[in-house]
**Student:** 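After the structure tokens below, expect a handful of questions from me.
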Amino acid sequence: MIYLPILFPLAMAAVTFASTSNRWRPWLLPLGAIGHLGLVLAIVCQPADRGPVSGLGGWLLLDPLGKVILGFLSVLFFLCSLYAPGYLALRADRPNRVFCTNLFGSLATMTLVTLSHHLGLMWVAMEATTLVSAPSIYFNHSARSLEATWKYLLVGSVGISLALLGSLFLAYSALKSGLDTTLLFDQLIKDAPHLSPPWLHAAFALLFVGYGTKMGLAPMHTWKPDAYGEAPGIVGTLLAAGVTSCAFLAVLRVYQICRAGTEAEFAREIMISMGLLSMAVAAVFMVRQRDFKRMLAYSSIEHMGILVLGVGIGGMAVYGALLHLINNGLTKGVLFLSAGNIHRAYGSKLTDDVRGALQRVPLSGALFLVGYLAIAGSPPFGPFVSEFTIVSAAIDSGQFLAGGLFLLFLGVVFIGMGATVLAVVLGNPSKKIKPTAFHDNVSTGGPILLFVALVLVLGLFIPAPLESLLGEAAAQLGLSR
Amino acid sequence: MVQIFDVLIILVVALNFVALGVSRIRGVINAVALQGVLLGTFPLFVHSQIGRRVILLIVVTIVLKGRVIPVFLVQAMREANIRHQVKPVVSFVSSLLLGAVGTGLAMMFSHTLPLTKEHSDMLLVPASLSTVWTGFLMLTSRREAIMQVLGFLLLENGILLFGLLLLEAMPFLVEAGVLLDLFTGVFVMGIIIHHINREFDSISTEHLSKLKE
């Protein structure tokens, strides 16, 4: 059972690669996405009395934390896949065989990350995710997208290497203490109090920097504005919401071990400071940002900072961070896809050229504005709830400095991002820019509306099954209820 | 046996300095390749029982690092018409100094990490950290795409050096490290196919106009 969500997308990738029609191939994406969603629902909802879903002698295991992220990924991929045929029809001049195949490949490798219960296997899966997602950034085949892909791969490979060194350090901490050298997470958490502290200390630092690079935390974020700026909107969504969530999961797995061992305080301090640093860097670069797709990349850096900050603060903020992972990811779908539409409509992504999007493409312009309001934390959208949970947990536990800086950076981002977004959507379209043939329609607007609907629902109420699942996952990270 | 091993480890660290100080790219490729071959033989010294699995690892490492990748890199240089001299951002002398400082710090830092009894007199940990540091130095202080790939290879070599300590206990993790070479393969393919041969700092289209297909 546990193998199917990995093998099915791989099979779909093979079918996609074999299909010869550039026109009909993109329709395989929603088809495969529905299949994946069904398989994921089947294993996530499997009743607990049938025992845990596992495979490969325990190397694969679905725990609550994995369930949250796998479920989210599957929904995310499904909504993105609905957007793909409409988008690729606009780019009919480009061959999309490699692009579509790689999207399925990314889905398979991301699924493998969420199911991995072994330090080494998770590392292999993360490396595969990096390699498979790179060609999609290069979809436009321009010099700039080549540069972005190169940076993504180079910085990503360094991050992956450091994560491997960290994994080796962690393994050595077990060896040094004369423990059974297994790398299964359950066993490592159980052994954690006995792991050699200096090695565990160094291992956490390396693993955090390594997987933090994949998440795009500052100061390891340099690849992000380029990659997200040049990649098509749909790839931007999958990177900013999917791949980063997988990297965050890897960070959480390592944090679980540190928390059970001697390095809990150290890990929390690092997460709080790096989280705040990421928010600060993002805030600085978002002010007066002229390229609205790069702006979204900085927004992603900010929200990755919020995620690790929430986990570092602890208590209810852990719950808030997991909820924020979902809220941020879905809102990023709204933003990246609508920004992609606006980019298509103007043939530019600079605020010098792009004005009056509400007149030129009313639906996409409005959705971009709604996405901004949601991501900036305005009620009644989902991110407001999760950000509020994090800040109130910080204040309840007396971490006023972290809470205060968190609010300050949110405020700066609200204003900085607002200036760019309003410049794009308001005003009159410039006469100098020749409009392209793009117009809003169901295929490119509908999926974004679905994203907005989910963000809105999560802002108004959290369905009971999701809430209990999030609670169980947060309990794995130290939230006692 | 132990003495030979120590000499070889010192040779590996010395090759780091060669890679930093040589001005011809071919020279750097050769230094990194030789380092890879030396690394490939190391399992013979750390593993008490040489089984089929270890021999396979030795052969794969030597063939990949000593033969396949260097040949691939030289071919990339020819195909992409890369100039033969390194133009470093940080001068050669400063690079060497930074390398020396890093190696000294690696020595000091590795003393804070307790080793098990059978590893306690090995130089592997400082050599590994020093090689990782050299890799980073090269990644950040050299502009040419090919030199960055070589920096990444050094980083990889450093990680493999550390992995040797775990070869007996956790072979899977060490073998998985060989997968890092996939990145190298992709990088070199990128250079060959797309002629990425200049620095990527400037987005000015003037610099990138030749990159069109």
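A note on names: the letters A, B, ... follow the listed sequences, proteins ahead of strands, and every chain is numbered from 1. All values below come from the heavy atoms of this structure, side chains included, with hydrogens, waters and symmetry mates left out.
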**Student:** Counting only non-hydrogen atoms closer than 4.5 Å, does S177(A) touch chain B with its backbone (N, CA, C, O), its side chain (CB onward), both, or neither?
**Tutor:** neither
**Student:** Side-chain contact test, heavy atoms from C-beta onward, threshold under 4.5 Å: evaluate it for M170(B) versus L183(A) and give yes or no.
**Tutor:** yes
**Student:** Taking Y172(A) for its side chain and T116(B) for its backbone only, find out whether a donor-acceptor pair lies under 3.5 Å.
**Tutor:** yes
**Student:** Work out which heavy atom in F152(B) is nearest to a heavy atom in V158(A); give both atom names and the distance.
**Tutor:** CE1-N, 4.3 Å
**Student:** Measure across E127(A) and L179(B) and return the closest heavy-atom pair with its distance rounded to 0.1 Å.
**Tutor:** OE2-O, 2.9 Å
**Student:** Would you please classify the geometry between the F169(A) ring and the F162(B) ring as parallel, tilted or perpendicular, with 30° and 60° separating the classes?
**Tutor:** tilted
**Student:** I would like to know whether L154(A) and L139(B) meet side chain to side chain contact (heavy atoms under 4.5 Å, CB included); could you show each step before the answer?
**Tutor:** CA-CA 9 Å; L154(A) 196 71; L139(B) 272 166; 4.2 Å; yes
**Student:** Can you tell me which residue pairs pass the side-chain hydrogen bond (donor to acceptor under 3.5 Å, both in side chains) test with a partner in residues 196-213 of chain A, sequence neighbours excluded?
**Tutor:** H201(A)-E263(A)
**Student:** If you measure from CD1 on I159(B) to CG on L206(A), what distance do you get to the nearest 0.5 Å?
**Tutor:** 9.0 Å
**Student:** How about L155(B) and S161(A): do any of their side-chain heavy atoms sit closer than 4.5 Å?
**Tutor:** yes
**Student:** Do S167(A) and L173(B) have side-chain heavy atoms sitting under 4.5 Å apart?
**Tutor:** yes
**Student:** Would you mind checking which part of L161(B) comes under 4.5 Å of any heavy atom in chain A, side chain (CB onward), backbone (N, CA, C, O), both or neither?
**Tutor:** neither
**Student:** I need the residue from T112(B), T184(B), L115(B) with the largest number of non-hydrogen atom pairs under 4.5 Å to chain A.
**Tutor:** L115(B)
**Student:** Flag the one option from P198(A), G120(A), S157(A) with the top tally of heavy-atom pairs under 4.5 Å to chain B.
**Tutor:** S157(A)
